[in-house]
Amino acid sequence: MYQVVPGGAGGTLTNATPIKQKLKRDARPLVVASVLGLVLVIAAVTAWCYYIGSLRKAELLKTELLDLNKDGYIIRNQAGAIVFRMSFRSGTLDLDSCSKEGEILSCGRTSDRKLKFFIQTVFDNTVQCYRVRWEELVPSLPVEHAMTYNVSHWYGGAETAIQHWPISISGQQAPKPFVTSDIYSNRNGFGGILERYWLSSNATAIKINDSVPFHLGWNDTEKTMYFQARYHDTPYKPNPGEAPCAELSYRVCVGLDVTSIHKYMVRRYFNKPNKVPSKAMFRHPIWSTWALHKTDIDQEKLLKFAANIRKHGFNCSHLEIDDRYTNRYGEFDFDLVKFPNATAMFQKLKTDGFLVSLWTHPFVNYDSENFHTCVERGLFVREPTGHLPALVSWWNGIGGILDFTNPEARDWFASHLRALRSKYGVSSFKLDAGETNYLPWQFSTKTPLRDPSTFTRRYTEMAIPYNERAELRSGYQSQNISCFFRPIDRDSVWGYELGLKSLIPTVLTISILGYQFILPDMIGGNAYLNRTDGERTLPDRELYIRWLELSAFMPSMQFSIPPWEYDNEVVEIARKYTAIHESIVAPRVLELAGEVLDTGDPIIRPLWWIATGDETAYKIDSQFLIGDDLMVAPVLEPGKQERDIYLPAGHWRSYKGERFDIKEPLHLTDYPVDLDEIAYFVWV
């Protein structure tokens with residue numbers, strides 16, 4: 001029987017043999033089409049499965065408002081805007097090795113090696129936090145992440161020689177150890193007051209974990225900051241017995257606004273003071289011998305200095321005897337040539353109503369009588385093998401540096417301070433130095449230190465028995481020492497490099513790092529030769545006056561070059577501003593100081609503290625707040641008796657009695673400010 005099949009042009013064919021041959025020929029396209037259709041179906045199913053898998057993988061690599069990819073991650077705020085971007089520079093994640101369990105997203109490989117990586121999401125009311133950890137399993141490999149910073153303004157990190165607010169990054173810097181340093185002698189270093197914390201205007205904060213061997217670098221062309229962990233070519237060390245496998249771990253937290261996220265971070269991650277220092281230090285100036293006499297101080301000059309303070313009608317929190325009252329560095333008693341009768345001198349000062357503090361430091365020079373004792377007893381920091389004491393160079397010579405991880409060295413140092421208090425009635429001490437740049441690049445201590453800056457912390461602890469009036473210039477996790485912290489020495493110049501203009505950015509930065517009891521160094525700067533705008537080694541008269549006015553609105557004031565070195569007008573201006581400080585500033589500061597114990601909130605605050613969404617307020621570095629209700633705008637330019645002032649929205653009354661009730665921020669252009677004035681405004 002013959003099968004009827006379609007023919008050409010609608011007809012049929014019935015001849016058997018030709019039909020079979022034609023069928024054989026015409027079936028080929030059909031078979032090909034069928035096979036091709038099957039392939040397409042399979043491809044479509046495969047693509048669909050891959051698509052579904054991709055969606056599931058994409059969903060896997062998201063956690064709340066964070067999106068992870070092989071090269072980094074981004075974080076969005078509640079409105080969906082990208083507020084944080086981090087790139088991985090030490091490897092590309094193998095996304096197939098990633099998995100998600102609850103709030104933890106983890107990965108086990110890069111493209112070429114195993115690792116431990118995770119991001120954990122923690123939600124706390126209005127704050128979203130992400131714990132990030134990248135741990136290498138191969139010794140000596142660095143971990144490096146790169147944060148993009150051009151989407152907002154950033155604050156925090158460390159005191160620097162050229163201080164701007166917000167942070168201003170220039171040039172390129174390969175990652176270097178993020179440790180405390182004396183930025184007067186090492187102006188490219190990180191400062192003596194330092195914390196691993198940064199805050200941005202888009203309500204994002206990052207805190208690097210204590211366990212990280214942390215290095216910081218940057219590139220202003222790429223607009224990135226490099227966060228690196230490593231154990232090679234660095235003073236960081238792993239714990240004894242541990243392999244040098246680097247780990248970079250940190251927290252990124254996103255809040256509703258810059259003020260609230262900072263409050264959140266401080267309350268959870270910062271030490272806080274446990275007491276307020278002496279009220280007298282907030283109310284009355286400290287008078288130091290340093291800028292006026294340098295190392296030439298002696299008994300006669302000191303008594304004359306004290307007499308002049310009383311003669312010109314000034315109050316005094318305490319009198320500070322600075323460098324070179326001893327015969328050699330590393331000794332503690334008074335040089336009998338310069339101070340022939342120190343006991344009688346102290347008695348005279350006490351009778352005249354003066355408390356006295358003394359300068360001290362962690363060094364014992366090799367020509368000191370105490371050097372041999374410290375070597376014999378093993379009180380110094382040692383070279384890496386631990387067999388020999390390390391000799392270090394500092395600004396007053398060469399010697400050993402006491403090992404404050406060693407209880408015996410701490411006791412030896414503390415016993416000498418107690419002896420000075422017992423013998424002379426010394427009220428307190430100015431503990432100078434303490435930065436890690438005075439340690440050898442490689443060193444050993446009685447208690448091994450993973451992080452060199454822990455040495456700074458141990459040194460600052462020596463101030464605790466004297467924290468009513470003690471003064472420190474270095475700090476790392478030292479907020480709870482509960483004493484005054486001083487920025488590094490200022491030069492007697494106008495600019496941003498350790499000059500007058502650097503003072504507000506530095507104080508704001510230190511405040512953001514949790515140090516609220518701030519002594520803003522000596523009025524007029526230190527009058528160092530070749531670093532002074534002025535004559536006769538005195539700071540420029542106008543500079544001195546403007547510095548004096550600004551200092552009156554800081555938590556504490558400190559004179560060294562006295563106003564009577566100029567003329568009667570300067571003396572009168574000094575009297576005016578010490579009175580303003582005592583009557584207007586100190587009561588507010590003391591009230592806020594009490595709150596610091598619970599909150600850690602700054603006493604000296606940036607304008608954005610009360611204007612959180614104000615782009616202009618994020619960038620202002622020449623005005624500040626005391627609390628929320630006193631705004632200060634000093635003149636910081638030579639030859640100026642006017643300045644532009646930015647008033648946030650609100651109800652303000654100027655020091656001249658003017659009233660400003662404004663619903664929007666207001667620019668006051670060329671606002672007149674005489675030489676003996678500083679502009680300030682009180683919230684009404």
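Computed from a predicted structure; not experimentally measured.
Here Thr460 contributes atom OG1 and Leu472 contributes atom CG; the two are 6.0 Å apart, rounded to the nearest 0.5 Å. In this structure, the separation between CG on Asp257 and NZ on Lys263 is 9.0 Å, given to the nearest 0.5 Å. Distance check, rounded to the nearest 0.5 Å: NE2 of His153 to CG of Asn202 gives 9.5 Å. Here CD of Glu135 is found 12.5 Å from CG of Leu141. Values are rounded to the nearest 0.5 Å.
Two residues are said to be in side-chain contact when any heavy atoms from C-beta on lie closer than 4.5 Å; Asp210 and Gln477 meet this criterion. Side-chain contact check for Leu199 versus Ile261: some heavy-atom pair is nearer than 4.5 Å. No side-chain heavy atom of Leu65 sits under 4.5 Å from any side-chain heavy atom of Val254. The shortest side-chain heavy-atom distance between Ile510 and Glu195 does not fall under the 4.5 Å cut-off. Asp323 has its side chain within reach of Asn396: a pair of non-hydrogen atoms, C-beta onward, lies under 4.5 Å apart. Side chains of Ser211 and Arg450 form a contact here, defined as non-hydrogen atoms less than 4.5 Å apart. Proximity of Phe404 to Pro362: side-chain heavy atoms (C-beta onward) are separated by under 4.5 Å at one or more points. Side-chain contact between Val381 and Tyr438 is absent, with no heavy atoms from C-beta onward closer than 4.5 Å.
The main-chain N or O of Asn274 is found under 3.5 Å from a side-chain atom of Ser482 such that the two form a donor-acceptor pair. A donor-acceptor pair is defined here as one N or O able to donate and one able to accept, closer than 3.5 Å; no such pair exists between the side chain of Tyr466 and the backbone of Lys430. Although no hydrogens or angles enter the test, the distance criterion places a donor-acceptor pair under 3.5 Å between the side chain of Asn467 and the main chain of Ile481. With Glu376 contributing its side chain and Thr373 its backbone, the two residues share no donor-acceptor pair below 3.5 Å. Using a distance-only test at 3.5 Å, with no hydrogens or angles considered, no donor-acceptor pair links the side chain of Asp124 to the main chain of Val127. Formation of a donor-acceptor pair under 3.5 Å by the Asn239 side chain with backbone atoms of Glu242 is not found in this model. Between the Glu408 side chain and the Trp412 main chain, no donor and acceptor come within less than 3.5 Å of each other. Under a 3.5 Å cut-off, the side chain of Asn480 and the backbone N or O of Asn271 do not form any donor-acceptor pair. Formation of a donor-acceptor pair under 3.5 Å by the His164 side chain with backbone atoms of Ile162 is not found in this model. The backbone N or O of Gly72 lies less than 3.5 Å from a partner atom in the side chain of Asn69, making a donor-acceptor pair.
Scanning for ring pair (Phe, Tyr, Trp, His ring centres under 6.0 Å) contacts around Trp441 gives an empty result, with sequence neighbours left out.
Taking the centre of each ring, Phe363 and Trp394 come in below the 6.0 Å mark. For His145 and Phe88, the gap between ring centers is short of 6.0 Å. Aromatic ring centres of Phe371 and Phe380: separated by under 6.0 Å. A centroid separation of less than 6.0 Å is found between the aromatic rings of Phe227 and Trp198.
With 3.5 Å as the limit, one finds no donor-acceptor pair spanning the side chains of Asn186 and Glu435. Under the 3.5 Å distance criterion, with hydrogens and angles disregarded, no donor-acceptor pair is assigned to the side chains of Asn125 and Tyr264. A side-chain N or O of Glu136 and one of Trp134 form a donor-acceptor pair less than 3.5 Å apart. A donor and an acceptor atom, one from each side chain of Asn365 and Ser368, are nowhere located under 3.5 Å apart.
Of the options Thr454, Thr456, Asn437, a side-chain hydrogen bond (donor to acceptor under 3.5 Å, both in side chains) to Thr180 is made by Thr456 and by none of the others.
The aromatic rings of Trp359 and Tyr329 sit perpendicular to each other, their planes meeting at more than 60°, with 30° as the lower class boundary. Ring geometry for His262 against Trp609 counts as perpendicular: the plane angle is over 60°, on a 0 to 90° scale with 30° as the lower cut.
Closest heavy-atom contact between Ser502 and Arg490: OG-NH1, 2.7 Å. The two atoms that bring Ala243 and Pro238 nearest to each other are O-CB, 4.1 Å, heavy atoms only. Minimum interatomic distance between Gly157 and Phe178 (heavy atoms only, all atoms of both residues): O-CZ, 3.5 Å. Considering every non-hydrogen atom in both Gly91 and Arg113, the closest pair reads CA-NH2, 4.3 Å. Closest approach of Tyr515 to Ser478, counting heavy atoms only: OH-N, 3.1 Å. When all heavy atoms of Ala229 and Ala246 are compared, the pair lying nearest together is O-CB, 3.5 Å.
For the pair Arg89 and Tyr226, the cation sits on the ring face: its NZ or CZ lies under 6.0 Å from the ring centre, inside 45° of the axis. Judged by the 6.0 Å distance and 45° axis criteria, Lys207 is not positioned over the aromatic ring of Phe270. Stacking of Lys237 on the aromatic ring of Phe443 is recorded, both the 6.0 Å distance cut-off and the 45° axial limit being met. A cation-pi arrangement is not found for Arg457 relative to Phe455, the charged atom failing to lie both closer than 6.0 Å to the ring centre and inside a 45° cone about the ring normal.
With respect to the salt-bridge test (charged N to carboxylate O, under 4.0 angstrom), the residues Asp411 and Arg377 do not qualify. The existence of a salt bridge linking Arg473 and Asp521 is excluded, since no basic side-chain nitrogen approaches an acidic carboxylate oxygen closer than 4.0 Å. The residues Arg187 and Asp491 are annotated as salt-bridged, a charged nitrogen and a carboxylate oxygen being separated by less than 4.0 angstrom. Using a cut-off of 4.0 Å between Lys/Arg side-chain N and Asp/Glu carboxylate O, Asp96 and Lys70 are scored as not salt-bridged. We find that Arg382 and Asp403 are not joined by a salt bridge, their nearest charged nitrogen and carboxylate oxygen being 4.0 Å or further apart. In this structure, Glu461 pairs ionically with Arg410, as a charged nitrogen and a carboxylate oxygen lie closer than 4.0 Å. With respect to the salt-bridge test (charged N to carboxylate O, under 4.0 angstrom), the residues Glu144 and Arg230 do not qualify.
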Walk me through whether Gln516 and Ser511 qualify under side chain to side chain contact (heavy atoms under 4.5 Å, CB included).
CA-CA 5 Å; Gln516 311 308 342; Ser511 296; 3.5 Å; yes
Between Thr221 and Gln172, does a side-chain hydrogen bond (donor to acceptor under 3.5 Å, both in side chains) hold up when you go through it step by step?
CA-CA 8 Å; Thr221 302; Gln172 290 81 42; 3.3 Å; yes
